[in-house]
2 protein chains.
Amino acid sequence: MGKKVGLTLDNVIDVAATIADRDGLEAASLRAVADELGIKTPSLYNHVAGLAGLRRELALHAARQMSEVVAEAAGSDTPEEILRRTARSYRRFALDHPGLYSALLPAPKPGEDDDLYAAMAAPVTTLADTLVAAGVDEQQTTHLIRTLRAVVHGFIDLEMKDGFGMPEEVDVSFERSVDLVIEGVLSGAK
Amino acid sequence: MGKKVGLTLDNVIDVAATIADRDGLEAASLRAVADELGIKTPSLYNHVAGLAGLRRELALHAARQMSEVVAEAAGSDTPEEILRRTARSYRRFALDHPGLYSALLPAPKPGEDDDLYAAMAAPVTTLADTLVAAGVDEQQTTHLIRTLRAVVHGFIDLEMKDGFGMPEEVDVSFERSVDLVIEGVLSGAK
DNA sequence: TGACACTGACTAACGGCATTAGTTATAGTG
DNA sequence: CACTATAACTAATGCCGTTAGTCAGTGTCA
């Protein structure tokens, strides 16, 4: 039968990411990915360490893309604008790639998977630098970043899982949520 | 063999909730619940509509408990204090019952499961009433509640999935996040 | 060029889980 | 006391992940 199809890890990840974004992370099973690639499930083990490995690769893939997206947003004028654009980009990525975004949680423990941990920490680090550069007290940044992350992630998660009743004006709500927090963060402890 | 063990729906839910809170929602499988109850998996179908049905019952159970918890917090003096206590109670419930809290998402679509929808809407409705009573413009409450829910849920979700790097002072961060948002919400558009 | 190891596909088999269909004994009701 | 509904059961199917063992094509090196 078919031998040496010439499959690469990137190939596997791309297919898995597509399925995850289309049908949800759960749907990106080894079976589904293998079928889509035209191979049998066990053959995937030559590229990926089982389902857990596939999930890990997806998380890494997502973290890298997210880092790029967030890095692009860092090229603005004022700190407010940087934070606003970062938040918007973050949400846009999540809505465009719900499967990949889901793969981003849970995070690994600090000592457990250094590569993944570093990749996931990158956007947060960028944000931290921005805040410090804006004159925010370094002691406070930890708390402030947590607030920002909480608002943005919470909003996205509720939005994706349909936790909001009325479907309209969600964009407006997001803008207001982000503005409110940014304002509070930058004025409160400068 | 053993017949008529005298099992009730509440029994099933209690066991499932215990497993979910101890080992995670995923671990509350039909198999695990049946084993714990001393019956075989198919027998559960006499009490619950499969795994989806069990999850639905867990969500309903969680929503009712959450409503109680939130309702208790509504008995404070100032609107600020009500909101603060509500946020704290919400988080405490999530940390005490991580499995049940997970079952609370995703929410059903408005027309899909009216009982569950109503149960899950109750805490939000309580909050909305509180805000309006505090003099917040009714037009704005939708946005404001979304902000509050986003911060609280986002914080909890990141906390539970270990999305925060440093383990210490998470309580402090939560208080600051909530205070910041409450302040902004109540002062911004009163 | 030809032997040879490596790679990456395969088949076979197992175990966990959810689900459905069909069976049977118990418990409550007339 | 018979009858019916209930709530347990067994048996069987299918999906999924995983492991072990097999085998053919690919590239390398003497």
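Computed from heavy atoms alone, side chains included, the values below leave out hydrogens, waters and symmetry copies. Chain letters run A, B, ... following the sequence lines, proteins first, then strands; residues in each count from 1.
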Checklist line | Side-chain ion pair, B:Asp157 and B:Lys161, N-O less than 4.0 Å | finding: yes
Checklist line | Selection from C:dC17, D:dT18, C:dT20 that lies nearest to any side-chain heavy atom of A:Leu51 | finding: D:dT18
Check: Just how far, in rounded Å, is P of C:dG22 from CG of B:Asn46?
Finding: 16 Å
Next item on the list: Quickly work out the B:Ile39 CD1 to C:dT24 P distance and round it to whole Å.
Entry: 20 Å
Item checked: Cationic N near anionic O, under 4.0 Å, B:Glu159 to A:Arg146 -> no
Notebook entry, point to check: Picking from C:dG8, C:dC17, D:dG17, which would you name as closest to the side chain of B:Ser29?
Noted result: C:dC17
Next item on the list: Check the distance between D:dC16's P and A:Arg55's CZ and give it to me in whole angstrom.
Entry: 13 Å
Next item on the list: Step through it carefully: locate the ring centre of B:Phe93, locate the ring centre of B:His97, and say whether they are under 6.0 Å apart.
Entry: yes
Next item on the list: Please state how far atom CG in B:Leu9 lies from atom P in D:dA7, giving the value in whole angstrom units.
Entry: 11 Å
Next item on the list: Output yes when at least one side-chain N/O atom of A:Lys40 is less than 4.0 Å from OP1 or OP2 of C:dA9, else no.
Entry: no
Next item on the list: Could you check which of D:dG17, C:dA18, C:dA21 has an atom nearest any side-chain atom of B:Pro42?
Entry: C:dA21
Check: If every non-hydrogen atom of B:Arg91 is compared with every non-hydrogen atom of B:Val170, which pair is closest and at what distance?
Finding: NH2-CG1, 3.9 Å
Next item on the list: Could you check how far CG of B:Leu7 sits from C1' of D:dT6, rounded to whole Å?
Entry: 13 Å
Item checked: B:His47 side chain near D:dA8 phosphate (N/O to OP1/OP2, under 4.0 Å) -> yes
Note to self: In whole Å, I'd like the distance from the CG atom of B:Asp35 to the C1' atom of C:dC17.
What the structure shows: 11 Å
Next item on the list: Rounded to the nearest angstrom, tell me the gap between atom CD in B:Glu26 and atom P in D:dC16.
Entry: 16 Å
Next item on the list: Compare side-chain N and O positions of B:Tyr45 against OP1 and OP2 of C:dT19 and report whether any pair is under 4.0 Å apart.
Entry: yes
Notebook entry, point to check: Is the B:Phe174 to B:Tyr90 ring centre distance short of 6.0 Å?
Noted result: no
Notebook entry, point to check: Which part of the nucleic acid, if any, lies within contact of B:Ser43, taking any heavy atom under 4.0 Å across all strands shown: a base, the sugar-phosphate backbone alone, or nothing?
Noted result: base
Next item on the list: For A:Leu25 and D:dC16, give me the distance from atom CG to atom C1', rounded to whole Å.
Entry: 15 Å
